[in-house]
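Structure first, then comments.
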Amino acid sequence: MRGLRIGLKDNIDVAGVPTTCGSAFFADRIPDAHAEVVRRSSDAGAQLVAKLNMAEFAVGVTSGNSAAGAVVNPWDPSRVPGGSSGGSGAAVAAGLVTAALGTDTGGSVRLPAAACGVTGLRPTWGAISNAGVFPVSESFDTVGPMARTVEQVARIFEVLRTGPAPAVAPVRRIGVPEVFVTDDVDPAVTAAVRAAADRCADLGYEVVPVRIPGAEQAQDIVYTLIYADLAHCHRDRILNSPEVFQPATLERISLGLRITEAERSAVRNRRAEFRRGLADVFDRVDVVLTPTMPIDVPPVDGGADVVAQSRRMGQFSYPWSLHDGPTLALPVGFHPGSGMPIGAQLTAAAHREALLFEVGRRYQQVTDWHSARPN
């Protein structure tokens with residue numbers, strides 16, 4: 001990481017520097033110690049140059065609900081940058097930093113990577129320390145690096161990972177679901193991901209159809225667990241000072257107040273069932289390729305119902321959050337109507353980041369989507 005100019009999402013502690021989490025609640029919060037990922041980055045020679053805006057308390061996929069003001073997508077200011085690590089994705093895309101650290105609970109690294117046309121990793125859960133990072137849901141949260149290329153993301157991950165990398169055989173088979181969650185996908189997104197699959201086939205990988213059992217219900221499972229945790233974390237703030245929240249944040253975290261312990265217990269069982277189904281999938285293929293979002297990057301004012309908009313944008317990221325393994329998001333094209341980036345996701349079994357880096361590096365060697373920059 002020596003010499004890399006790194007930006008940090010503003011829920012990651014830097015000693016002596018405000019960590020606001022995009023919220024008026026934390027306007028004066030100044031930690032006295034570095035987060036573990038900050039310490040590792042600094043020790044590796046990175047230049048830590050910026051704290052980056054985000055959705056308040058990392059709740060939301062548009063990064064419009066921040067006390068610091070909305071994050072702007074450098075490709076088109078009238079469209080969202082994704083979230084909740086919107087500032088991280090936008091800063092990398094705009095060239096303000098070489099790379100950035102974000103956090104991902106339900107898609108908060110991968111969605112900004114897709115919307116801003118950069119590369120981002122949600123690593124295996126637990127592979128990177130969350131010490132010194134303000135939580136959303138500790139059973140899903142992970143820090144993830146974002147950069148222009150897979151090579152840069154892989155370099156940063158090797159510095160941040162907490163354990164050794166397991167030896168893995170080269171990738172042979174890539175699975176592509178014929179329907180992943182829903183078949184209601186923007187045709188341009190479908191075409192771009194199909195073209196990416198074809199390019200992988202040209203590189204010598206065997207591309208085969210797969211089915212992801214339970215993918216249609218995965219988002220509801222993740223929502224139940226995350227919103228229950230959010231309500232627990234912010235209960236006193238919700239009850240005592242609701243007016244301090246950004247309205248979109250309050251609307252979303254208040255959903256968790258109605259979730260019962262019985263409902264949480266039931267979906268934990270469904271999470272275990274989903275993971276068993278994925279284990280079978282990864283016995284048959286090494287990597288799975290899916291779109292990152294089923295839609296074009298939406299406009300800032302694209303929907304008054306923030307919960308519905310968030311569900312739609314995160315429809316393809318949330319299932320992989322239920323998985324305990326890694327997902328790599330990378331650009332695979334541009335929408336012919338809007339000109340906005342289109343992203344795809346590569347996912348592997350737990351601790352198999354090396355497989356994603358192999359495919360991603362080779363893909364970026366024969367394509368140049370990741371090299372494009374906003375005007």
Side-chain angles (χ1 to χ4, degrees), residues 4-42 46-74 80-94 96-113 115-116 118 120-122 128-138 140-147 156 160 230 233-234 237 244-246 248-250 252-253:
L4 289 183
R5 290 169 50 84
I6 304 290
L8 303 166
K9 185 176 181 178
D10 199 23
N11 59 349
I12 300 172
D13 285 351
V14 178
V17 176
T19 297
T20 74
C21 293
S23 178
F25 281 106
F26 283 2
D28 300 319
R29 181 174 180 264
I30 300 179
D32 57 9
H34 285 336
E36 176 64 12
V37 292
V38 172
R39 185 192 66 77
R40 285 175 176 256
S41 299
S42 180
Q47 301 176 41
L48 306 177
V49 298
K51 295 298 286 291
L52 301 171
N53 199 4
M54 56 182 282
E56 184 178 28
F57 288 123
V59 181
V61 298
T62 68
S63 298
N65 55 318
S66 170
V71 181
V72 171
N73 191 317
V80 303
S84 62
S85 308
S88 299
V92 172
L96 302 178
V97 296
T98 312
L101 300 185
T103 60
D104 191 306
T105 303
S108 289
V109 162
R110 293 162 286 155
L111 296 177
C116 296
V118 301
L121 175 71
R122 174 186 169 86
I128 295 177
S129 172
N130 286 332
V133 180
F134 193 83
V136 175
S137 175
E138 293 182 356
F140 290 98
D141 294 347
T142 178
V143 173
M146 305 173 73
I156 296 168
L160 300 183
L230 276 169
C233 177
H234 296 286
R237 298 184 187 96
V244 180
F245 284 107
Q246 296 289 302
T249 312
L250 181 63
R252 296 190 68 187
I253 63 176

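Quick caveat, the model's predicted, so the values are computed rather than measured. Position 1 is the first residue of the sequence, and the numbers go up from there.
- In the displayed structure, Arg5 atom CZ is contacted under 6.0 Å by at most 12 heavy atoms of other residues, nucleotides or ligands.
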Inset, instruction - Run the numbers on Leu48 and Ser41 for side chain to side chain contact (heavy atoms under 4.5 Å, CB included), then give the verdict. - result: CA-CA 8 Å; Leu48 306 177; Ser41 299; 4.1 Å; yes
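- With contacts defined as side-chain heavy-atom distances shorter than 4.5 Å, the pair Cys116/Asn73 qualifies.
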Inset, instruction - Apply side chain to side chain contact (heavy atoms under 4.5 Å, CB included) to the pair Val143 and Asn130, showing each step before the final yes or no. - result: CA-CA 7 Å; Val143 173; Asn130 286 332; 3.9 Å; yes
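- Here the shortest heavy-atom pairing between Ala67 and Ala24 reads CB-N, 3.6 Å.
- Checked by atom type and distance alone, the side chain of Thr20 never pairs as donor or acceptor with a backbone atom of Phe26 at under 3.5 Å.
- Between Phe25 and Phe57, the ring-plane angle classifies as tilted under the 30° and 60° cut-offs.
- When all heavy atoms of Ser63 and Gly83 are compared, the closest pair comes out as OG-CA, 3.3 Å.
- Rounding to the nearest 0.5 Å gives a distance of 7.5 Å between CD1 of Ile12 and OG of Ser85.
- With no hydrogens or angles considered, no side-chain donor-acceptor pair links Thr142 and Asp104 at under 3.5 Å.
- Using a 4.5 Å cut-off on side-chain heavy atoms (C-beta onward), Val109 and Met146 make contact.
- In summary, the side chains of Glu36 and Ser129 do not present any donor paired with an acceptor at a separation below 3.5 Å, with no hydrogens or angles considered.
- Annotation: side chain of Asp10 is not in contact with side chain of Asn53 (no heavy-atom distance under 4.5 Å).
- Within the 4.5 Å cutoff, no side-chain heavy atoms of Pro31 are placed close to those of Phe134.
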Legend entry - side chain to side chain contact (heavy atoms under 4.5 Å, CB included) evaluation trace for Asn65 with Glu56: CA-CA 6 Å; Asn65 55 318; Glu56 184 178 28; 4.2 Å; yes
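- By the 30° and 60° cut-offs, the orientation of the rings of Phe245 relative to His234 is perpendicular.
- With salt bridges taken as basic N to acidic carboxylate O contacts below 4.0 Å, none links Asp13 and Arg39.
- Under the 4.5 Å side-chain criterion, counting only non-hydrogen atoms from C-beta, Leu101 is in contact with Leu160.
- Partners of Val14 by side chain to side chain contact (heavy atoms under 4.5 Å, CB included), not counting sequence neighbours, listed by chain and number: Leu8, Val17, His34, Val38, Lys51.
- Residues forming a side-chain hydrogen bond (donor to acceptor under 3.5 Å, both in side chains) with Thr103 (at least two apart in sequence, or on another chain): Lys9, Asn11.
- Here the closest heavy-atom approach between residue Gly86 and residue Pro112 is recorded as N-CG, 4.1 Å.
- Scored by the ring-ring contact (aromatic ring centres under 6.0 Å, His included) test, Phe140 finds no partners at all (sequence neighbours excluded).
- To the nearest 0.5 Å, the span separating OG1 on Thr105 from CG on Asp141 amounts to 3.5 Å.
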